[in-house]
There are 2 protein chains.
Amino acid sequence: MGRWEPNARLRLVRAAIDLFAEQGYGSTTVPEIAERAALTRATFFRHFPDKREVLFAGQQVHTALLADGIAAAPRTATPVEAVAGALDALTSTFTPDQREFGPRLRAVIAGTPELQERAAFKRAGLAAATAAALRERGVPDAAACLAAEMGVHAFYRAFDRWLEAPYRETFPALARHALDELHAAAAALVSGPPSAGPGRPAP
Amino acid sequence: MGRWEPNARLRLVRAAIDLFAEQGYGSTTVPEIAERAALTRATFFRHFPDKREVLFAGQQVHTALLADGIAAAPRTATPVEAVAGALDALTSTFTPDQREFGPRLRAVIAGTPELQERAAFKRAGLAAATAAALRERGVPDAAACLAAEMGVHAFYRAFDRWLEAPYRETFPALARHALDELHAAAAALVSGPPSAGPGRPAP
DNA sequence: ACGGTCATGTGACCAAGTCTCATCACTGCC
DNA sequence: GGCAGTGATGAGACTTGGTCACATGACCGT
């Protein structure tokens, strides 16, 4: 068919983001996206399992990056240190490109429950993978889950700040600050009594 | 139409759970569910916005319960204590009924990515509402998010244990134990150096 | 040239979700 | 007692997401 146009996937992604930003997600049909990318409906679904996924393609890499980053941490590192290192490895891979598409992406997702759902799922997957990598290092389950949640939380928080334009900080630096912030918050939380609130013991 | 059969919603939920458990979620169509409930397709969608939601009806209450529980905590309570109280209020409302449907529900969801997505979304909403309620009390954002995440995590963890049959502990007791466990894990996490891992400072 | 593979186009099909209109029971009012 | 209003339902058409089987044409190695 025609000449072998490279980057069919990329063309679909760009077409989708453009159309979603112009007309909204719900008012854009898959045939429309395919048409703008000079492709057909069927080809779209060959590249993405469903319409939502076109906006989340590439996040799969993040999971691997985070998990590998945890695994690559020195043996002596504490869980939080391992998370910090992995976060650094992950955020270092982000390009100005992604910073440009970011705002439009966030806007579309924020305005579409269907996409928020997918985003929540991706985020949960990221946290689960990170927690698994930490458990692999011998970190007990509860601590692994908590540290993973802190890491993922820091990542998204830093991503938001990275997108807000006038910052002159790098993404890795923002991520580190966010993680430190959460670490300090955790310290403040546990400084109180461990469990003296209301509630009755089991009979 | 016919006599005014009460509990159309409930009949739909039970029919859906039964059919999903029998044939799987993907192999069950909405008309099938409606038929078993002696209703029609259109009526199903009048009661639930989509096919997935039939399994999550009722979780809306949990959000309100958790948030109200946080708000009702005494002024002097620490964030974690407030969460503990709210968790107690929430888990106290669970009935043996829900413990019966639980396992089938979990199984169906675990085997269906589409439903895991919805579950992740609901969970995120729960955490967000809890965090908002904590912020309302003056808890700083980072701490609120972290404490909320601990609470929600403890809730789901306790729910899983509550469903595993041979336990003789009440749901509130399990929740409290789960929260204590996470609290201890957090204390262990922050006992290390705050942020001495790899990674370069911002230029 | 020839056969294989890979990306794509084509068209049919199913099920989810939306919408409009008709129907019937119950309620309250005259 | 009859009559309009309300609310839940049924019926059926329609759009769209998602799947599938099959055909086509370009590239590659022999």
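Everything numeric here is computed off the predicted structure, so don't read it as measured data. Chain letters run A, B, ... following the sequence lines, proteins first and then strands; every chain starts at 1.
- With sequence neighbours excluded, the residues forming a side-chain hydrogen bond (donor to acceptor under 3.5 Å, both in side chains) with B:R104 are B:D18, listed by chain and number.
- The CD atom of B:E35 sits 14 Å away from the C1' atom of D:dG10 (whole-angstrom rounding).
- Take A:F45 and apply the ring pair (Phe, Tyr, Trp, His ring centres under 6.0 Å) test, not counting sequence neighbours, and it matches no residue.
- To the nearest angstrom, P of D:dT16 lies 12 Å from CD1 of A:I33.
- Here A:Q116 pairs with nothing under the side-chain hydrogen bond (donor to acceptor under 3.5 Å, both in side chains) rule; sequence neighbours left out.
- Among residues two or more places apart in sequence or in another chain, the ring pair (Phe, Tyr, Trp, His ring centres under 6.0 Å) test is passed with B:F121 by none.
- Remark: A:K51 fails to qualify as a cation-pi partner of A:F44 under the 6.0 Å distance and 45° angle criteria applied to the six-membered ring.
- Remark: P of D:dG17 and CG of A:L19 are 12 Å apart, rounded to the nearest angstrom.
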Tabulated below should be each protein N or O lying under 3.5 Å from an N or O of nucleotides 14-18 of chain C; please produce it.
unit_1	atom_1	unit_2	atom_2	d
C:dA16	OP1	B:K51	NZ	3.1
C:dA16	OP2	B:V30	N	3.4
C:dG17	OP1	B:R52	NH1	3.0
C:dG17	OP1	B:R52	NH2	3.0
C:dG17	OP2	B:K51	N	2.7
C:dG17	N7	B:R41	NH1	3.2
C:dG17	N7	B:R41	NH2	2.8
C:dG17	O6	B:R41	NH2	2.5
C:dT18	O4	B:R41	NH2	3.1

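- Put simply, the side chain of B:R46 and the base of D:dG7 share no donor and acceptor less than 3.5 Å apart.
- At whole-Å resolution of the value, CD in A:E32 and P in D:dT15 are 14 Å apart.
- Put simply, B:T40 has a side-chain N or O that comes within less than 4.0 Å of OP1 or OP2 on D:dG10.
- Between C:dT8 and A:H47, a contact under 4.0 Å exists linking OP1 or OP2 to a side-chain N or O.
- Using a 4.0 Å heavy-atom criterion, one finds that B:A34 contacts no nucleic acid atom at all.
- Judged as a side-chain hydrogen bond (donor to acceptor under 3.5 Å, both in side chains), and not counting sequence neighbours, A:H62 has no contacts.
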